[in-house]
2 protein chains.
Amino acid sequence: MKKQKFSIKDIATSLNISKTTVSFILNGKAKEKRISQPLVDKVLKFVEEVGYTPNQFAQSLRTGKTKILGLMVEDISNPFFAQIARNIEDRAYEAGYKIIYCSTENDKEKSKEFLQMFQRLGVDGYIITPTPELEEDIRPLVDSKANLILLDRNLNSLETDYVMVNNAESAYEGTKHLIRNGFRKISFITISSNQTQMTERKRGYEEAMNDHALQPLVHEVSFKKNYTDSVAELKAILNTAPEIDAILFGANYLGVAGLEAISELNMKIPEDLGVVSFDDNDLFRINKPSITAIAQPIEQISETAINRLIDQINSDQQDKNKNGLFLSTTLIPRESSQK
Amino acid sequence: MKKQKFSIKDIATSLNISKTTVSFILNGKAKEKRISQPLVDKVLKFVEEVGYTPNQFAQSLRTGKTKILGLMVEDISNPFFAQIARNIEDRAYEAGYKIIYCSTENDKEKSKEFLQMFQRLGVDGYIITPTPELEEDIRPLVDSKANLILLDRNLNSLETDYVMVNNAESAYEGTKHLIRNGFRKISFITISSNQTQMTERKRGYEEAMNDHALQPLVHEVSFKKNYTDSVAELKAILNTAPEIDAILFGANYLGVAGLEAISELNMKIPEDLGVVSFDDNDLFRINKPSITAIAQPIEQISETAINRLIDQINSDQQDKNKNGLFLSTTLIPRESSQK
DNA sequence: TTTAATTAAAAAATCGATTTAGCAATATAA
DNA sequence: TTATATTGCTAAATCGATTTTTTAATTAAA
C-alpha cells in the first residue's frame, strides 16, 4: 500500500499551527471554535494544494463510524440480487457509504460467519437477506440497536425493519390469473426451504386454489442442488404428475430451470402447460412463447431498503419503530398463460 | 455501532500483564519473543472465553494492511460481472479478504472517483475493468507498486497484470462458424466505445471476413442508451441494412437486445438471420431457437484474477513481471447458426 | 567473583485522526 | 482599576492495536 503523503500532523507542522486547529477547520468547526477566517482560508488552501485526504482508519478508530455498509444476499450472481446490489450501490455512494457484499447461498453457517465479519469490521449498517433460523444470530444486533434492515424476507420473531413484496397476495393473484384463464390443475413449485417469502407465496397460492374449490398441488425442488439437478428434478415432477395443466413457479431460477425441463420434455406452452413465474427477466420476456411473470419492483425495493437504512443511521434516536415495508408486485400477462 | 467489549488492553489488565505480551501471543510471536508456555496458554484461554476479536481499524491503522480488495466492474447487475463477482468473492473470503465493489457504467469520471475512493480506503488490492482512457489515473497505482489486476480488458500502455479472453481469435472463430454454415452477409454489432475487448473482437471479425473474401459490415450501437433505446437502434440497423443474413453480437446485452429487436421485426432465426453472440446466458440456451454463443470461461477468469492478485499481495517482492493472462472461449453451436 | 548472555515481560512510541480541557491575550463591564 | 468575558488557539488524552526499546531477573562464562 502506498504510504499517505500528508497527515494532519504534517499539515500542522508545515503551517506552524497545531493539528487541533487543522482538524477543527477540516471538520467545519471553525466558526464554532472561533478560528480566524484568515487562518481557515490558509489551511483550506494548503490542504487543497497538497491534496490531503484523511486516513479513514484513523477516523474510524476514533469516531467509531466506518462509512461501510454490509450487504448480505443469497447469491450476488442471481439477477434479482445483482440488480438490487446495483441499485443500492448508487444510493450508498451518493450518501458517502461503501459496500461490502457477501453471498450466503442460503447457508446458515456461512451467514453467521458473515454476520461476525460485518460486526468485527464495525459496519455502520446491515442489509440482510436472512436464511431461515438466523434469528438468534441477528438478535444481538437488534438488541444492540444496530442499524439493520432485512431484505426479501423477514424473521417473524425479530423487531426489525424489513422490505419485501406482498408475497401471499402476489401468489394469489398469479394463481387467480391462471384460474381465470381456464387452468385448473395448477401446481405451485417451490423449494425445500423455510424462507418466509417462499412460505408466503405458497400460502397465497393455496388460498387462491381453496377459494376456487381447487385442490392445491405443491411440489418442492431440493434447494442445494445445482442447476442441472434441478432441471432433472423438475422433469421428474412433470413426469410423475401428468395431470398438471399449469405451473406457478415460486422463483426466478425455478422458472428458468422449469422452462428448460418443459422444453426437454417437448411439452408445449401454453397448450400442454400454462406457466406463470415469480420475478421477471430477459428470458421470460423474449422467450417464444413469452412467460407471464410476477415482477418485483426491484428499484423500489432497493431504494426503500437503502433509504430506510440511511435514515436509521442518521437518526441516532431510539424512537425508530420497526416495521415491515411491503411493496407490490406487478403481474405481467404474457403468452404462457393464455390458453 | 456496538462498542467492542474487550480490547487488548482489557485483556492485559484483567490478567495483570502488559498488552505487549498479549499482542505477541495473539500474533503467534510467543516463541520468538520467548513468552513462557503457561502464560501463552492462560492468555489464549482467556481470549477464547471472552470472545475477543481485534479492532480491525486499529490494526489497519498500525499495519497499513486493510484486508480489503476493491472490485470495480462495469455493472454489477450485468450477469457476466455478477458471476465474476460471485466467484471472486468465494476465493477472497477464503483468503481472508473482504470486497468492496462498485460499478463504473463505463464512465471515466465515475471510475476516477472510485479509484480515489479505493486509494483513500487503502485497499490491499485492485481488480478493475477499466474504461477507455483511464491509463493516466491508474498509472500512479502501477508506479507505486499497488497490487492491481485488470479484468476483461486491458490498457495497452500500462505494465500490469490483466486477465481476458482471446477476443480476436474468438470473434474470428465465431465468424468462421457462420461462414462455414453458409452465411455471407455477416454483420458485427458492437458498441460505440473504445473498450479494448470490443475493438479486439471487431478485429477478429474483420480478419475472418477478409480471409474469406467477404466484406465486413460493422454496426455500432451507442453505449449510454437504455435498453429500450438500444432495441430501437438495433431495429433501425436491421431495417436499413436488409441485406444482412447473419449477425455476430459483440456482447451479452447486445445479443439480448438484438433478439428482442429481431423478434419485434418478426424475423425468423436462423432462416432470415443467423445469430451468434458473445457470452452465454439462460436466454441463449433456452430460447427457441437456441442461440449459438461464444462463452467466456467465467470461473476461470475469476479464479485467475483473484489468485493472481493474492499472489501479488503475498509476494511483496518487486520481481513480479507483469503480463497478460489470456483464456480461451468456447463456441457453443446451437440452432441460431444452422441455416 | 565479576561479567556477559539469556530469558521473560513491560514501558513507551507509533499509526492518524478527534475532542476535551485549558491557556494567553485582548476586550468589556463594574 | 480590577474582575470578567471573549477571542483564538494549543496541549494532551484518546481510540486499539503493533513494535521498538528497556528493564529486571536468571543463568552461563570468564
Side-chain angles (χ1 to χ4, degrees), chain A residues 1-44 46-47 50-68 119-122 124, chain B residues 1-44 46-47 50-68 119-122 124:
Chain A
M1 198 184 92
K2 201 181 170 185
K3 218 198 147 221
Q4 231 159 339
K5 279 177 295 288
F6 266 81
S7 73
I8 217 168
K9 190 178 162 192
D10 296 326
I11 295 173
T13 51
S14 296
L15 294 177
N16 246 315
I17 57 177
S18 83
K19 52 201 188 106
T20 308
T21 308
V22 178
S23 176
F24 283 154
I25 292 174
L26 290 177
N27 287 295
K29 300 190 177 166
K31 280 271 156 8
E32 180 190 338
K33 298 292 178 181
R34 298 176 301 250
I35 313 286
S36 68
Q37 197 56 47
L39 187 52
V40 171
D41 294 342
K42 188 169 148 194
V43 169
L44 290 179
F46 188 79
V47 162
V50 301
Y52 162 83
T53 53
N55 178 308
Q56 307 204 6
F57 291 93
Q59 274 182 328
S60 293
L61 178 59
R62 179 64 232 229
T63 63
K65 306 265 169 232
T66 61
K67 287 287 175 180
I68 295 178
Q119 220 177 335
R120 273 199 293 269
L121 187 61
D124 286 345
Chain B
M1 196 184 94
K2 200 180 170 185
K3 220 199 144 220
Q4 230 160 343
K5 281 176 294 290
F6 266 82
S7 72
I8 216 166
K9 189 179 163 190
D10 296 327
I11 294 174
T13 51
S14 296
L15 294 177
N16 246 316
I17 57 177
S18 82
K19 52 202 188 105
T20 312
T21 307
V22 178
S23 175
F24 283 152
I25 292 174
L26 289 177
N27 287 294
K29 298 188 179 168
K31 281 272 158 5
E32 182 190 337
K33 297 293 178 179
R34 295 177 301 251
I35 313 284
S36 68
Q37 196 56 44
L39 188 51
V40 170
D41 295 341
K42 187 170 150 195
V43 169
L44 290 179
F46 187 78
V47 162
V50 301
Y52 161 82
T53 53
N55 179 309
Q56 308 202 6
F57 292 92
Q59 273 182 330
S60 293
L61 177 59
R62 179 65 232 226
T63 64
K65 305 267 170 230
T66 61
K67 286 285 175 181
I68 294 178
Q119 222 177 334
R120 273 199 294 270
L121 186 62
D124 286 344

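Just the heavy atoms: all of them, side chains too, but no hydrogens, waters or symmetry mates, feed the values below.
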Taken to the nearest whole Å, NZ/A:K9 to C1'/C:dA17 is 12 Å

Side chains of A:Q37 and A:D41: do they bring a donor and an acceptor to under 3.5 Å?
yes

What I want to check is whether an N or O donor and acceptor connect the side chain of B:R34 with the base of C:dT7 at under 3.5 Å. no

Note: for A:Q59 and B:L39 on DNA chain C, the residue whose nearest nucleotide lies more 5' is B:L39

Base of D:dA11, side chain of A:T20 - is there a donor-acceptor contact under 3.5 Å? yes

message = Between B:F57 and A:F57 (judged by ring centroids, cut-off 6.0 Å), do the two rings come close enough to count as a pair?
response = yes

Minimal heavy-atom distance between A:S60 and A:K65, with the atoms involved, is OG-O, 2.9 Å

Here the distance between atom C1' of C:dA8 and atom CG of B:N16, to the nearest Å, is 16 Å

- Task: Verify the contact: side-chain N or O of A:S7 to OP1 or OP2 of C:dG16, cut-off strictly under 4.0 Å; return yes or no.
- Result: no

Assert: residue with more 5' nearest nucleotide on DNA chain C, out of B:S36 and B:A58, is B:S36

Taken to the nearest whole Å, NZ/B:K42 to P/C:dA8 is 15 Å

Taking every heavy atom of B:A58 against every heavy atom of A:L61, the minimum-distance pair comes out as CB-CD1, 3.8 Å

In whole angstroms, the gap separating C1' of C:dG16 from CG of B:L121 amounts to 15 Å

To the nearest angstrom, the NZ-P distance between A:K19 and D:dA11 comes to 10 Å

Should the pair B:K29 and B:F24 be classed as cation-pi, given the thresholds of under 6.0 Å to the six-membered ring centre and 45° from the axis? no

Bend of the helix from C:dT1-D:dA30 to C:dA30-D:dT1 from end-axis comparison, five pairs per end, nearest 10°, comes to 70°

Here the distance between atom C1' of C:dC15 and atom NZ of B:K65, to the nearest Å, is 14 Å

Inset, instruction - Name the nucleic acid region contacted by B:L61, choosing base, sugar-phosphate or nothing; use a 4.0 angstrom heavy-atom cut-off, strictly under. - result: base

From CD of A:Q56 across to C1' of D:dG16 the rounded distance in Å is 18 Å

Under a 4.0 Å heavy-atom cutoff, the residues of residues 21-32 of chain A touching DNA chain D are A:T21, A:F24

Nearest heavy-atom contact between A:V40 and A:A30 is CG2-CB, 3.6 Å

Smallest heavy-atom separation, A:Y52 atom then A:F6 atom, equals CD1-O, 3.2 Å

Here the distance between atom P of D:dA17 and atom CZ of A:R62, to the nearest Å, is 15 Å

Note: for B:K33 and B:F57 on DNA chain D, the residue whose nearest nucleotide lies more 5' is B:F57

- Is it true that the side chains of B:S18 and B:T21 contain a donor and an acceptor less than 3.5 Å apart? yes

Per atom distances to the A:N55 side chain, the nearest of D:dA11, C:dA17, C:dT14 is C:dA17

What one should report as the nearest heavy-atom pair of B:D124 and B:K67 is OD2-N, 2.6 Å

Closest heavy-atom pair, A:T13 versus A:D10, reported as atoms and distance to 0.1 Å, is OG1-O, 3.0 Å

